[in-house]
Amino acid sequence: MNLKFIPIDFSSFDYDGKNFIKLYGRDSKGLRVCVIDSFNPFIWAILDKKLKDSDIERIISKVSKITIDSSAGRISKVLNVEVHDKSFLGRNVKALKIFLSNYKDSQKFADNLNIKGIIKRREHDINTVHKYLLDKNITPLRWYDVSGKVLGDRDVPSSENLGGIASSLNVDLVFLAEEFSLVNDSSVKDSFAPKVLAIDIESDDLEIGKGKITMISLVSEGFEKVITWKSPASAKKLKFVESFSSEKSMLEEFVNIINKLSPDVITGFFSDSFDLPYIRSRSEKLGVSLGLSLDTSVNGLKFSGGKNRHVRIEGIPHVDIHRFIAVNYSQYLQSETLTLNEISSELLGEKKHDFVIRPSSKLTPDDWLEFFKYNLKDSVLTLKLFNKFLPDLLEFSRIMKKPLFEVSRDGMSTHVEDFIVSNLHRFNEIIEKRPIHEEISSRRGRDSYVGAFVLQPTPGLYEDLAVFDFTSYWPSIISSFNLSRSTILPKRSKDSLTVSIDKNKDYYFSKTKGFFPQLLEEIILLRKKFKTHLKNSPDDPIIKARSNAYKLLANAAYGYQGFFGARYYCPEASASTTAISRDFIKEVISKAEKFGLTPIYGDTDSIMFSLNKKPHKEALDFLTIINKSLPGIMELDLEDFYSRGLWVTTRGGELGAKKKYALMNNSGKLKIRGFETVRRDWCLLARELQNDILRMILSDGNHVRALAHTKEVIKKLKDGKVSLKEIIIKTQLKKSIKEYKSLGPHVVAAKLMVDAGLPVDPGALMEYFITQPELNSKGKPAKGSKRIGDRVALPNDSRPYDKDYYLNNQVLPAVENIFQVFNIKIDELIAGVSQKKLF
DNA sequence: GTTCGAGTCGTACC
DNA sequence: ACGGGTACGACTCGAAC
């Protein structure tokens with residue numbers, strides 16, 4: 001029998017001492033299927049090169065006899081041993097492929113391979129499902145033709161029905177696989193629209209499990225519901241609300257609805273850390289069985305991870321969409337806080353339902369209606385966000401060959417590693433091991449290497465600029481110069497390239513292309529290809545997702561090689577990458593000068609020039625000349641032409657500040673980097689003023705209008721007409737309060753919140769403003785009012801803001817070095833208003 | 001009691 | 001534990017005066 005099948009979630013189990021994989025998914029009719037497959041797990045033992053055939057025979061015979069008697073009463077054996085010619089870190093090796101009866105004991109087998117002649121043991125540290133996917137070359141979320149037979153059928157003899165596993169699986173069909181073949185028909189290849197369920201809870205205490213869950217919203221396509229046990233008479237007015245007699249019966253209905261809807265994916269916003277832990281905690285307290293898993297013998301939710309907890313439901317991937325966005329896209333978003341409201345506003349153009357949560361006891365019947373709508377809207381937004389990122393999630397899962405559950409939580413380095421690992425079979429490579437404790441701590445202790453070159457700008461207002469940048473600069477260097485763990489050489493050779501890090505330090509790399517640089521080149525070229533595709537079909541979400549995925553991979557590849565947790569860690573390659581990057585950018589700068597362009601500023605891979613009245617075409621000619629001289633896949637590109645640009649000095653210094661500039665292109669679009677305008681830890685009053693004057697200066701070419709505007713704002717501040725919203729300062733609490741050595745204003749704010757009984761967790765954004773100091777008899781700040789921190793007030797504080805602080809520590813610092821470019825001093829800014837009157 | 005500089009901390013750039 | 005280094009700048013805190 002044949003089955004058209006798409007695998008969505010995976011899990012492993014063993015029966016009769018052998019490993020099996022459960023692949024949960026759908027068939028072409030939409031039935032929920034669990035395909036069961038067996039596989040022959042193995043690990044590798046790399047042999048000493050000097051071994052004779054007879055030595056190898058002796059080792060094989062020793063290895064074959066290894067048995068593991070695990071504490072669980074399980075006895076695992078070596079089933080077979082094969083000799084293979086393999087590659088390890090680019091070198092040819094002889095290795096034993098050791099097949100095990102049970103992969104659960106792979107680590108113990110590896111420990112027992114401490115045999116003379118075996119120099120390395122590998123691939124025992126890859127988890128069972130991943131090992132299976134790699135070995136069988138199965139990609140999640142792609143359609144397969146599977147041959148096999150239906151389990152649970154009367155025709156299948158009990159000796160073959162794996163202990164009657166079919167009866168414990170909550171699916172339409174259980175299928176025992178024989179063979180998988182990928183469906184290549186392009187019309188069905190990418191066609192999969194999973195049924196997604198979004199959930200969101202409200203509780204009367206934010207601390208997990210402390211309060212009660214007052215309501216839960218569940219939203220899927222064509223389905224909107226809020227279930228609650230708080231049932232004011234008014235609830236009947238809303239069709240989507242269903243009331244229950246108790247929190248317990250509401251939770252039971254939560255399970256019923258999910259089982260009835262049969263979603264392929266469950267999503268939530270921050271649900272790994274809040275909604276699902278809360279649901280579990282309340283269910284345990286109230287004795288509700290969370291029968292959500294598709295394998296009824298695996299009950300409830302599975303929690304893993306310490307600080308960053310993951311909640312797994314077997315068979316139904318749970319995706320915390322907040323986590324996926326935070327890890328992969330936060331650096332590309334404008335949102336300063338990754339809240340549902342802010343991300344939805346930016347990406348969906350939609351906000352949360354307007355309602356301020358208050359304690360249950362203070363809610364009127366009409367308030368409850370708004371609360372129900374609010375709860376429903378949160379799930380609606382979560383579902384929309386999920387759908388927006390669905391193409392990306394699917395592509396990530398396919399490209400990295402990792403289940404949705406994992407890939408939606410993995411960090412960038414894991415993505416890079418998974419991509420590499422899933423392609424190593426093409427290079428006949430044995431996978432390197434992940435570092436363990438001592439190795440990690442020694443790597444973490446290494447000295448840092450020198451990074452990018454940043455050109456010191458000369459402060460001033462410039463006209464007519466061209467900006468060039470290298471496309472995928474660091475990855476293109478890694479690829480073009482073959483910088484990686486498997487290509488670094490201990491010493492110079494005929495076939496080597498020397499990279500000088502500094503006067504005393506050289507590194508050598510082979511000229512024979514290694515797998516890491518090779519795969520990185522493929523990533524860059526794929527990224528380029530899909531980017532071009534995207535220009536022709538800008539609305540194709542799949543092309544967009546692919547382009548995105550390869551872009552993220554390329555950008556993370558450099559960081560990966562310097563990351564202590566990487567299998568293919570190579571800080572020498574990282575140091576060489578940055579050294580080469582410094583050389584090239586400096587060479588472009590000096591060539592440009594000879595060409596008649598004046599370099600103003602540059603950072604890492606970009607360089608900005610004043611055109612000196614030259615036509616744009618000459619800048620493009622310069623690009624062509626440079627590109628002819630670049631090796632490999634390196635490429636310098638035009639970023640844009642700008643009509644004006646502004647650079648300022650550092651605070652209190654003479655030299656130009658790096659990483660801080662403002663540009664306006666020929667169509668009037670602003671590009672502001674590094675200035676207080678773009679920093680969330682400055683108050684809005686200062687940020688908006690600075691943004692306004694930068695726009696004025698860049699469009700006018702002088703400071704006149706900007707100066708007048710600044711004076712108006714200062715007057716507004718002095719007149720006390722500034723709103724609370726404009727003076728709130730937001731700073732993130734990065735660790736727990738007691739870990740701080742220095743008690744800055746935001747730590748003081750956190751303490752005030754704790755005193756007020758509000759929960760404060762690391763990672764939260766503290767919001768506060770600065771009040772006036774208490775004065776002593778001499779009119780000077782009183783003892784306990786010296787530090788800024790002593791004057792911190794939470795937003796609900798009714799005391800007035802400190803005009804002096806906001807003038808001297810926020811507004812003036814944000815504008816003074818901009819006006820300094822035009823030789824305007826601070827006293828001229830505040831001139832025209834008498835100190836006495838205003839303070 | 002005031003001044004100063006090293007150290008802590010957060011955020012941004014690429 | 002879950003890319004990297006470079007850079008700016010506010011604020012604290014204790015030593016030095």
Reading DNA chain C from 5' onward, which residue's closest nucleotide shows up sooner: Y560(A) or V454(A)?
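Closer to the 5' end of DNA chain C: Y560(A).
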Test of understanding: with ring-ring contact (aromatic ring centres under 6.0 Å, His included), list the residues that count as partners of [X], not counting sequence neighbours.
| X | result |
| --- | --- |
| H322(A) | F269(A), F270(A) |
| F819(A) | none |
| Y740(A) | H746(A) |

Give the rounded distance in Å between these two atoms: [atom1] of [X] and [atom2] of [N].
| X | N | atom1 | atom2 | result |
| --- | --- | --- | --- | --- |
| L655(A) | dC8(C) | CG | C1' | 13 Å |
| R323(A) | dA1(C) | CZ | P | 14 Å |
| D410(A) | dA1(C) | CG | C1' | 13 Å |
| M608(A) | dC14(B) | CE | C1' | 10 Å |
| F563(A) | dG5(C) | CZ | C1' | 16 Å |
| F516(A) | dG3(C) | CZ | P | 14 Å |
| R434(A) | dC2(C) | CZ | C1' | 10 Å |
| E676(A) | dG9(C) | CD | P | 7 Å |

Within the structure, does a side-chain N or O atom of [X] lie under 4.0 Å from either OP1 or OP2 of [N]?
| X | N | answer |
| --- | --- | --- |
| S413(A) | dG3(C) | yes |
| Y473(A) | dG4(C) | no |
| N555(A) | dG4(C) | no |
| R651(A) | dA10(C) | yes |
| R446(A) | dG5(C) | yes |

Answer with base, sugar-phosphate or nothing: what part of the nucleic acid does [X] contact at a heavy-atom distance below 4.0 Å?
| X | result |
| --- | --- |
| I440(A) | nothing |
| Q331(A) | base |
| D469(A) | nothing |
| R444(A) | sugar-phosphate |
| G559(A) | base |
| A452(A) | sugar-phosphate |

Residues two or more places apart in sequence or in another chain: which of them pass side-chain hydrogen bond (donor to acceptor under 3.5 Å, both in side chains) with [X]?
| X | value |
| --- | --- |
| E587(A) | K591(A) |
| R323(A) | none |
| E816(A) | none |

Closest nucleotide among [options] to the [X] side chain:
| X | options | result |
| --- | --- | --- |
| Y449(A) | dC2(C), dC13(C), dG4(C) | dG4(C) |
| A657(A) | dG5(C), dT6(C), dC8(C) | dC8(C) |
| P813(A) | dG4(C), dA10(C), dC11(C) | dA10(C) |

How far apart are the closest heavy atoms of Q561(A) and L483(A), and which atoms are they?
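For Q561(A) versus L483(A), the nearest heavy atoms are NE2-O, 3.2 Å.
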Near-strand residues of residues 567-579 of chain A, defined as heavy-atom separation under 4.0 angstrom from DNA chain C:
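Per residue number, the list is empty: none.
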Test side chain to side chain contact (heavy atoms under 4.5 Å, CB included) on S574(A) and Y558(A) and set out the steps.
CA-CA 7 Å; S574(A) 303; Y558(A) 157 76; 4.1 Å; yes
Applying salt bridge (Lys or Arg N to Asp or Glu O under 4.0 Å), which residue pairs with at least one partner in residues 562-578 of chain A are found, sequence neighbours left out?
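Counting only pairs at least two positions apart or across chains, the salt bridge (Lys or Arg N to Asp or Glu O under 4.0 Å) contacts touching residues 562-578 of chain A are D125(A)-R567(A), E417(A)-R567(A).
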Per-nucleotide protein contact string for nucleotides 3-13 of chain B (B base, S sugar-phosphate only, - none; heavy atom under 4.0 Å):
-----SSBBSB
Rounded P spacing from dC2(C) to dG10(B) in Å:
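About 16 Å, rounded to a whole number of Å.
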Strictly below 4.0 Å, N to O, side chains only: are E676(A) and R679(A) in salt-bridge contact?
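A salt bridge is absent here (no side-chain N lies under 4.0 Å from a carboxylate O).
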Strictly below 4.0 Å, N to O, side chains only: are D603(A) and K658(A) in salt-bridge contact?
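Judged by the 4.0 Å cut-off on N to carboxylate O distance, D603(A) and K658(A) do not form a salt bridge.
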